[in-house]
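Below, read A as the first sequence line, B as the second, and so on, with proteins coming before strands; counting in each chain starts at 1.
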Amino acid sequence: MTQPFRTAADGRIDRGQALRFRFDGRSYEGFAGDTLASALLANGVHLVGRSFKYHRPRGIVSAGSEEPNALVTVDRGPGRVTPNLRATQVELYDGLTAFSQNRAPSLRFDLGALAGVAAPLLPAGFPYKSFMWPRSFWRRVYEPAIRRMAGLGRAPAQADADRYLHQYRHCDVMIVGGGAAGLAAALGASATGARVILCDEQPEFGGSLLAEPDVTIDGWAAPDWVREVVATLADKVTLMPRTTAFGWYPGNLIGLAERLTDHLAQPDPRTPRERLWQVRAGRVILATGAIERPLVFPGNDRPGVMLAGAARTYLNRYGVRVGSRVVIATTDDSAYRAAADMHRHGVTIAAVVDQRAAPDNPLVEAVRALGIPVHVGAAIGGTDGRRRVRAVRLANSRTVIPCDAILMSGGWTPSVHLASQSRGKLVFDVALGTWLPSDGAAGACAGTFDLAACLRDGTVAGGSAPGSFAVASLPEMTPSPPSAPLLSHPKAFVDFQNDVTIRDLAVAAQEGFVSIEHVKRYTTTGMATDQGKTSNLNAIAAIAELTGREIQDVGVTTFRPPYTPVTFGTFAGPYRGRLFAPVRLPPVALADAVVEDVGTWKRARCYPRPDETVEAAVARECLAVRNAAGMCDASTLGKIEVIGPDAAAFLNRIYTGDLAALEPGQCRYALLLGEDGFVRDDGIVARLAVDRFHVTTTTGGAAFVLHHMEDCLQTTFTTLQAWLTSVTEQWAVIAVQGPRSAAALAPFIADINLAAMPPMSVREGHIGDIPIRLFRAGFTGELGFEVNLPPDHAQQLWDTLRAIDVTPYGTDAMHILRAEKGYIVIGQETDGTVTPDDLGLGRMIATGKGDFVGKRSLSLPDLSRAGRPQLVGLLPRDPAVVLEEGAQVTETGRAPALGHVTSSYRSPALGRGFALALVADGRARIGATLRVPQGGRSQGNMRGKTIEVAVVDPVFHDRPGQRLRVRPGPRPALLPLLPAVPHSAPVARPAAAVEMVALAPMTLLAVRAGSHAATSIGLGISVLLPTVPNRSVIARERAALWLGPDEWLIQAPPGVMAPSATTPGATTPGATTLGATTLAAQARKAAEPYPASVVDVSHATRALEIVGPRAAWCLNAFCALDLDLSAFPVGRCTRTVLGKAGVVLWRVATEVFRLEVPRSWLPYVWACLEEARLEFTDDDPPEQLPG
Amino acid sequence: MLLIPCPWCGPRPENEFRYGGQAHIVRPARPEAVDDDVWAAYLFLRDNPRGRHAERWRHVHGCGRFFNCVRDTVSDRIAASYKPNEAPPP
């Protein structure tokens, strides 16, 4: 017969829908609405696991998330194996396959149970004491053995095949727990018009009411009342079943883990398996209920021993009798309810064993009246049975009572975990003998166990007047305080999951542990994955007894998140695979390149020809630059426009050189120091006009430098009038370097005479219609130019130059070429402890210009002491040797080290290996021989060898710098560029719920100005610049977005432009530029006489629109802002973070959001939003996210 | 994740901000006029209180402004935020 322990009727399971499932290979049947635990119990299966340490047979103890024993592995197929799930929370579905854990070879016969025989040898703290010697055995012998022996389920070996998402949400009231008090609180809170979220870890709301068919509220049976209330709440409150509030973090941030698909036999692959909600709540109401305490008696861990309330839940909610002949052991009135209910369903109640001398409740008499023997002042002294309890032995008595289940109740502990996590105050309630939240709780969590009072208090907690509910209930009961455990029975278990017994606690007390926090760590009680939900108070009571104190004096341990285990997948969410790390692509395609990661960017290392090795390609690229012309995509360099009457004075405070001395059209290499005097960044400062500079930074330093400059302007040099605008993404940079570079470039540039450009100069001009900023500068030591142009044209220029044999080179060649010249790379030659003088760049410090950041520190004694590291070149005696970067440089080959190798390469030009190094007093050692021991990462035959090197000047190529000063030849005849490459915009993704659209390029201006200038500009360009934070103004076709108190983004349609003969197909980018140029000129003119910064940023970002009823939802999967219409109305705009990308977000209509995304971040942001919208589409899910 | 009140934009999630260290550290107006010890103290000496701490934040992914917060380092509660040129609340 299947399901022999199922009752004839009743319960909330669907008896018409039988489900097959497998446990440990055996097939069983259950019903829809079952948990795995209830279905197993219906089939008479109690033995479901082996204990952590002693491998003792264990059964199901509870009916909820507090379950310590019934941990199972659920196998949903490859990549979908989840260990350590509580069988009491696993919802049954057809075909479910589960396994028990921590047993070998089988659950019924477990060799590990021998540990139980050795139990006397394994007291508390045994690993600390026993496995000390020999030390080397710990890692190789003891730990692996312990890991095998003691354990939970196996971590899955395959990558997780499911999808996970996040969601950010704000609410006024967050209610945790959907039982009587939680539902009443939701009624109370929703009546106030507040935004309310109600979550419950179970699939159904109702909590204990679901197991109370005989209780009526307002005339409804309790489960029906729940149904009616939930229906009432449905359109007013966000109802979240299957959602565990696992953590309460600072600022009322509540972490929710929502399980969406684990209960389904055939989940939709578009639906995430779990969703992490980060809810920012105005206030939090804890209606988390209470957890029943086990009794601590010998043999209390045998399968068949369970909590009385759980047995009642199985009976009334799931229609399952947990035994046919049960003994009830209690110190609490509530167990009598279980006795009465089970008796009514035909279960024989062999005895009620009540530890109290004179229990005083009508329930007791009612149970006696049923003919059930009640032993008062009695306790269980032991149990029999191996894989299932067989009999109870009473303490101090020869009475043996045969049974197949023991139901225990030691009273109820309010679930204060979240209150404790929130660092809220817990107060001790003497009557209940336990701790309660000082405020913000309702119902049993607050120590209220009377149903009518729970409901009334709930509505009050929700913010309404006390609700009146007509409750017809069983007699009221007052839960008992925790009883003193029977210390004379050391083998009674306190913590089932970590196998902690009374004896272990006694050992801890004996050894002098007083603080409960120390006892917890020493014995591991309460430290298992169940966080001691059932065991903590019993352990505290035992310690109180053992140390002769009161429970409240022992105190309670701090609870920590998560309340129940949360999968790594939930925390990782969508940030895996293609979304793990943002990928930013430079403007020139990388198709034929070997690619490396540089921060978030992908960059080309080199461009090998077919069948060419990387080494050969790099050598060829280097020689092409030295002998002819090469080109490199340097677009990732940071670029900042510094504008204002005090721009020069400001830059003089930031960089070491005298930049005020630059004439417009000149540029200069510049070093940026920290206030501590150490080199932080370098770059080129170009003066475009008296009040306008174009500054470059390193690729990795772009964000830091902008932040540092803003810091100085906003908080330190506050009187200087200058504004900063990042133009990193506005300008692509193609570096064209080599003796032939001028000849290669000149035919395409009509309005700049390259021959008239001295070294370190800058000109603005055009290639055809394309605006460019041309720098005569480079990083190679050759005649060279850096062409700044709109990114949409970078590929076009690249392809054109390639067609005339300009050789593409990558970062590898770039590094060799610069190192041959002794040029430093920030982060390679510098590490935050290196001064300009250390690098041989003391000449970069302008002494006559006054104060600048870092100047004062340079005169600190340590920064000019003898023995400082100094940059030198190293030449290995053997020219074939290439030193290991990072290797120590020594006098003798042994310690002490004089310094280290900072850069090391094979130079194609020199035909040998060479290196740069920071060596103590290095410049005085030029000509000396030093020794460099090679470590484990050096080339094969070098490993472990010590290399002799000559210390030399760090400039290996063209020491006088003549090649830099070459005068380009006269201008040749003009040539057109190759046709523009059509850029591939993301394809619009229509869908009913949410649509993503990439918008056509627009004119964008970054305006930074004071209030007078801003007003004037607004009048001048016919769109007022809003002064209220995060507001936008639309006038005609133009919009002005407030981004900061002196910062606006102006949007306008692109300008109109005649098709060009020289750049066919280039109309759109050119048009935005023309529109921007015209509009910017208008704005600048309007601002006069007030200073203002107006910068064209039309190319820096791309616009997306997210449209539809689910638009805010999709954004909130990656953006933590409150996007509710009440908090973020139409017209609101702001910079914010989406995933890991900084964007501008603007609500243009109720269901339409516009995003301005930095262009290199567009693929990442697009992919994020595609992931978020997948569940609302009929799209085929993209390939499984790897890793 | 903290909820940080930006004086311009209102309360915003922590991931829009960048921490800026202890507040009210004033750079000497004439660095060359102070001795090495005073300069070193300006560079390196910072408080590490248990409790109330005035600190700088920048709303880098928002209005871009630097401002100051008074945060309790035990509870992470932020008592006040104010503009850089303003004195901390009592």
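- Counting non-hydrogen atoms of neighbouring residues, nucleotides and ligands closer than 6.0 angstrom, the CG atom of Asn48(B) reaches no more than 12 such neighbours.
- Of the residues considered (Gly674(A), Pro250(A), Gly251(A)), Pro250(A) shows the highest number of contacts with chain B, using heavy-atom pairs under 4.5 Å.
- Remark: the Thr1136(A) side chain and the Arg12(B) side chain contain no N/O donor-acceptor pair separated by less than 3.5 Å.
- For the atom pair Leu1145(A) CG and His61(B) NE2, the distance stands at 14.0 Å (nearest 0.5 Å).
- The shortest heavy-atom contact between Arg65(B) and Pro1045(A) is CD-CG, 3.4 Å.
- Between Met1(B) and Ala1120(A), the shortest heavy-atom distance links the atoms CE-CB, 3.9 Å.
- Proximity to chain B is limited to the side chain of Leu253(A), based on heavy atoms less than 4.5 angstrom apart.
- Counting non-hydrogen atoms of other residues, nucleotides and ligands closer than 6.0 Å to CZ of Arg46(B) gives a total above 12.
- Only the side chain of Arg58(B) comes within less than 4.5 Å of a heavy atom of chain A; its backbone N, CA, C and O stay farther away.
- Looking at Ser857(A), both its backbone and its side chain come within 4.5 Å of chain B, counting heavy atoms on both sides.
- From Lys83(B), atom NZ reaches atom OG1 of Thr715(A) across 15.5 Å, with rounding to the nearest 0.5 Å.
- No side-chain donor-acceptor contact under 3.5 Å links Glu710(A) to the backbone of Phe66(B).
- Within a 6.0 Å radius of CZ in Arg30(B), other residues, nucleotides and ligands contribute 12 heavy atoms or fewer.
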Working for side chain to side chain contact (heavy atoms under 4.5 Å, CB included), residues Leu43(B) and Glu675(A): CA-CA 7 Å; Leu43(B) 282 182; Glu675(A) 194 70 278; 3.5 Å; yes
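- Looking at Asp711(A), the atoms closer than 4.5 Å to chain B (heavy atoms on both sides) sit in the backbone and in the side chain alike.
- Note that CD of Gln714(A) and CZ of Arg56(B) are 9.5 Å apart. Values are rounded to the nearest 0.5 Å.
- If you take CH2 on Trp8(B) and OG1 on Thr1134(A), they are separated by 14.0 Å, rounding to the nearest 0.5 Å.
- For a residue to count as touching a neighbouring chain, one of its non-hydrogen atoms must lie under 4.5 Å from one of that chain's; by this rule Phe852(A) touches chain B with the backbone only.
- Between Cys63(B) and Leu1043(A), every side-chain heavy-atom pair lies at or beyond the 4.5 Å cut-off.
- Panel note: side chain Arg856(A), backbone Pro31(B); a donor-acceptor pair is recorded below 3.5 Å.
- Per-residue heavy-atom pair counts under 4.5 Å with chain B were compared for Asp1046(A), Thr716(A), Val1137(A), and the maximum is reached by Val1137(A).
- Of the listed residues (Asn85(B), Val74(B), Val60(B)), the greatest number of heavy-atom pairs within a distance under 4.5 Å of chain A belongs to Val74(B).
- Heavy-atom distances place no part of Asp37(B) under 4.5 Å from chain A, backbone and side chain included.
- The most heavy-atom pairs under 4.5 Å with chain A, out of Val26(B), Asn15(B), Ile4(B), come from Asn15(B).
- Contact of the Glu16(B) side chain with the Leu1121(A) side chain is registered, since non-hydrogen atoms from C-beta on lie closer than 4.5 Å.
- With sequence neighbours excluded, no residue forms a side-chain hydrogen bond (donor to acceptor under 3.5 Å, both in side chains) with Arg1147(A).
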